[in-house]
J.: 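Provided herewith is a single structure, encoded as structure tokens, for subsequent inquiry.
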Amino acid sequence: MTSSKQTIPAEPVSDPIAIGSFSRHSFRAKFLLVVGAAVAFDLLLGGGISIWNVQRLSKDATEQVSQGLTEATEGYLETYIETTALRANLMLDRVYSEVEVLGSSLQVLIDNPDAESKIGSTLESHPRLGDQLEYNPEGNWTQNLPGRSVVSVWGYLLDEDGQPTPDVQKQIEDSAAFNVVAPELMSSGAAKLQMYYVGPKDRPIMRTTPYTEQAQTFDKLYPGHNESNFWDFFFPGVYEGWQQWLADPASRPVDRDIVATAPYVDAITGALIVSFFQPLWTQDRSDVAGMAAVDITLNQLNSLVENVRIADTGFGFLAGSNGNVIAASQAGGAILGLVSMDSEGQGVTGINRFLNQSRHPAVASMELPKDDQTVIDHFTVTEGELEKSYLILLKRLEPTNLWDGEKIVSETLTLGFVVSSQEIYESLTAVQQQISEATTRIVYWQITALLISLIIVFIAVYAISGRITAGLSSLAGAARSLQNKDYSVRVSIPSRDEVAAVGLAFNRMAEEISFHTENLENLVEERTKKLETANHEIVELNRKLQTENLRMGAELNVAKRIQEMVLPRRGELEQISQIEIVGYMEPADEVGGDYYDVLADGNRIKIGIGDVTGHGLESGVLMLMVQSVARALQEKGDTDPIAFLDVLNRTIFKNIERTKSDKHLTLAFVDYADDKVTLSGQHEDVLIIRGNGDVEQIDTMDLGFPVGLESDIADFVSTRDLAFERDDVLILHTDGVTEAENDTGDYFGLERLCESAQKYRGKSAKQITEGIISDLRSHIGAHKVYDDITLVVLKHR
């Protein structure tokens, strides 16, 4: 007996990984990373949305506030300019009214010549109200002495003595009521520079209140005026325009008698003034009878626009329809880039500051409104390297008749407001800045709160992770201690969760390891002693077994030898002349359980074949018993197959009872005589291959009963006679042949046995046996043989 020892290589043991609290492999670091990332994502998302909403709210609020303030500012300015325009219209209406009052008073006298004449005569004879004319030979004009008003009579209205011609004198007397009415109107109502009266074109005397050196000033400022008609010299076209109105009322540009002039330099005061004329008609309304007029200084219009208060530098201006700015502060004119143009010529001289001639292209390209709607616009001017943006509002005043120097046309003044965008939107800018600053503060606070939240959350997560992973860390540390052979380590986990359960299991395992480790030496010594004792016992048993094996081997060899000795000899079989008989037996163990024998007695030949249950010595002994009893019965001369089997069974049964064995066997006999065989007993199927190749398979189940199983089997035994003639082959076998397996578990089988026997039927019994055994070996291959193999081939000679 040999033994081998196989060495299994041990698995390499890796060094334990040192895991710090915050190494990338630690559970706590992963927990912090996952939870921290989730919380950070949530906070950043929420914070981002909040900041976005704040900025969006700030943007919306800024837009709303900007829109509201812009609308409010522009609405205020629009209301302001409309109010101012209304005030301007009212102021002009007052001037118009006062002119109309003066004109109406004079017109009443013209329409009532008797009253006019009486009032005139009365006033002229009055020492204070009458006109005390005094001729000026140097100027060739006549003018009264200083009083409430002044009346000037030009040279071409005087006779050779320097006295007014009679019709002119009559005109002086008829218009003397002016000295009463005009000074009173002058001292009341709107502020006026002067009020005056001019007679008809053929008698254009001129009365003015208050008193001034009117004629002297005219001589100084308007040389030659004393030789020309007053109307044609100073206001050419006005008189003719009124006459045209009488001829064609539809030619009146504006349905009002008042005619205004453009601003011009007053000859008396030297101030820029605007005159408003009220024509006087003859009694029959067929011609012009002169005019009543009021002069207001341009400062009065300037005061209207200068009183405009818009932010710090905002201003108002008044412009004609041709863009000539007739009223504006000096600073306002500078902002508009106005350039004053000289105006020269006889008569009145005005001012020319046209918007379309501004130094700023944006102003020069500006269009005045075409209707009564308020226009709001922006323009930008460049001053040096600075660009300044301005807001401008334009509003037209009510239209009026205007003498443009040649004729009477319709005129609509435009009131304008100009204010710096930076100033007017200063509050808006301040609000926007405050909103922006508030938004920035909110965003900063939001970010700060977000960062503080992140810090708090991370601290909380850190603290919680420490508590959660404390158990795992304790387990990991304890496991490392245990790995370092510190079996006294125990873990204490305060929680009651799954980690605590693992900790308890670890402690129990550590206790067991500690216990087994501490008692390992004793256990090894104890087990060693037991192993030594067992080894001695095994050695002793082996010795005994070897002795017993030797004894049993010897006994088996004896049994095997005896079994081989009782098998038919080749010489015996060759002496049988009628048939060729060849037997083959291969026991599975040292001693087989199969039985076959050939008993020849003259012409009577009896071939037996059986199969004892099991293998080994006991089966071999039972086989020898069968062989001995069968030989004895054959020698006794029993020829009855049934009696033969009955006696044999009773003999074997009794031996089995004596030996208290549980063995029995199938057993069949073939009796040959006179080309006939008689089958008896129960065993495997008997095959007969006829000389022509036909195969007959004879079932022996009904021909007998297992031997040794019952004491009397005579009632179960019967016989069957079959012809067995020349070249016929009879095959007897045990189940070791048909149940022989190959590696795939397939049996050799009765069919393969028939095919093999049929294939070799033409050969001798020996060759048939060798052929069948060869086919059987080829089928078995290297597979183990588990049962005894016995094959007996009979061929009729």
Side-chain angles (χ1 to χ4, degrees), residues 548 551-569 572 583 585-601 606-671 679-684 700-701 703-719 732-736 787-790 792:
E548 185 66 19
R551 185 186 63 79
M552 291 181 65
E555 291 178 354
L556 289 174
N557 287 333
V558 172
K560 181 179 181 180
R561 178 61 181 161
I562 292 173
Q563 191 176 46
E564 291 175 351
M565 289 173 63
V566 298
L567 292 177
R569 296 287 182 251
E572 295 176 12
M585 176 178 284
E586 178 182 347
D589 296 325
E590 285 81 353
V591 179
D594 284 358
Y595 158 77
Y596 95 91
D597 198 1
V598 178
L599 305 174
D601 183 14
K606 193 176 190 72
I607 302 98
I609 187 167
D611 186 0
V612 182
T613 57
H615 308 284
L617 181 60
E618 187 175 358
S619 299
V621 171
L622 181 57
M623 175 264 190
L624 290 176
M625 290 180 185
V626 173
Q627 195 274 341
S628 298
V629 174
R631 171 63 68 180
L633 293 175
Q634 177 71 6
E635 292 300 328
K636 183 181 177 183
D638 291 341
T639 58
D640 183 2
I642 296 175
F644 189 93
L645 271 175
D646 179 50
V647 174
L648 187 147
N649 174 66
R650 282 188 276 113
T651 303
I652 295 302
F653 179 78
K654 290 178 180 178
N655 284 343
I656 289 174
E657 280 190 329
R658 177 176 293 174
T659 60
K660 300 184 183 302
S661 175
D662 58 350
K663 302 292 184 181
H664 59 275
L665 72 158
T666 60
L667 180 62
F669 289 96
V670 177
D671 293 281
L679 300 181
S680 61
Q682 185 186 80
H683 187 63
E684 301 297 324
T700 62
M701 186 59 65
L703 300 181
F705 195 80
V707 174
L709 195 61
E710 295 291 340
S711 60
D712 186 3
I713 61 172
D715 295 338
F716 300 100
V717 179
S718 63
T719 60
L732 299 174
H733 63 91
T734 60
D735 58 358
D787 200 0
D788 302 333
I789 297 173
T790 299
V792 180

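Just the heavy atoms: all of them, side chains too, but no hydrogens, waters or symmetry mates, feed the values below.
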J.: For Tyr596, give me all partners under ring pair (Phe, Tyr, Trp, His ring centres under 6.0 Å), at least two apart in sequence or on another chain.
T.: none

J.: To the nearest 0.5 Å, what is the distance between CG on Leu622 and NE2 on His664?
T.: 10.0 Å

J.: Is there a donor-acceptor pair under 3.5 Å between the side chain of Gln682 and the backbone N or O of Met701?
T.: yes

J.: Who pairs with Ser628 by side-chain contact (heavy atoms from CB on, under 4.5 Å), at least two apart in sequence or on another chain?
T.: none

J.: To the nearest 0.5 Å, what is the distance between CD1 on Ile656 and CE on Met625?
T.: 7.5 Å

J.: CG/Asp594 to CG/Asp787 distance, rounded to the nearest 0.5 angstrom?
T.: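 These two atoms lie 6.5 Å from each other.
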
J.: What salt bridge (charged side-chain N to carboxylate O under 4.0 Å, His left out) pairs are there with at least one residue in residues 624-648, not counting sequence neighbours?
T.: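 Output for this query lists Arg631-Glu635, Asp646-Arg650.
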
J.: How many angstroms lie between atom CG of Leu679 and atom OG1 of Thr700, to the nearest 0.5 angstrom?
T.: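 Going from the CG atom of Leu679 to the OG1 atom of Thr700 covers 8.0 Å.
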
J.: Not counting sequence neighbours, which residues clear side-chain contact (heavy atoms from CB on, under 4.5 Å) with Ser680? List them please.
T.: Pro641, Leu645, Phe669, Asp671, Thr719

J.: Once side chain to side chain donor-acceptor pair (under 3.5 Å) is applied, do any residues pair with His683, and if so which ones, sequence neighbours excluded?
T.: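 Testing His683 for side chain to side chain donor-acceptor pair (under 3.5 Å), a comparison that skips the adjacent residues, returns Thr666.
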
J.: Considering only residues two or more places apart or on different chains, which pairs with a residue in residues 653-663 satisfy side chain to side chain donor-acceptor pair (under 3.5 Å)?
T.: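 As it turns out, the side chain to side chain donor-acceptor pair (under 3.5 Å) pairs with a partner in residues 653-663, which skip direct neighbours, are Glu618-Ser661.
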
J.: Sequence neighbours left out, what passes side chain to side chain donor-acceptor pair (under 3.5 Å) with Asp735? Give chain and number order.
T.: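 Asp735 satisfies side chain to side chain donor-acceptor pair (under 3.5 Å) with no residue once adjacent residues are dropped.
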
J.: Are Met623 and Val626 close enough that some pair of their side-chain heavy atoms sits under 4.5 Å apart?
T.: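 Result no, sub-4.5 Å side-chain heavy-atom pair not found.
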
J.: With sequence neighbours excluded, what pairs up with Asp611 under the side chain to side chain donor-acceptor pair (under 3.5 Å) test?
T.: none

J.: How far does CG of Leu599 sit from CD of Glu572, to the nearest 0.5 angstrom?
T.: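 Leu599 CG to Glu572 CD: 9.5 Å, rounded to 0.5 Å.
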
J.: Measuring only between side-chain heavy atoms, which start at C-beta, is Thr613 closer than 4.5 Å to Ser619?
T.: no

J.: Hey, can you pull the donor-acceptor pairs under 3.5 Å for the side chains in residues 706-718, sequence neighbours left out?
T.:
unit_1	atom_1	unit_2	atom_2	d
Asp712	OD1	Ala714	N	3.0
Ser718	OG	Asp702	O	2.9

J.: Could you grab the distance from atom CG of Leu567 to atom OH of Tyr595, nearest 0.5 Å is fine?
T.: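 Rounded to the nearest 0.5 Å, the CG-OH separation comes out at 10.0 Å.
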
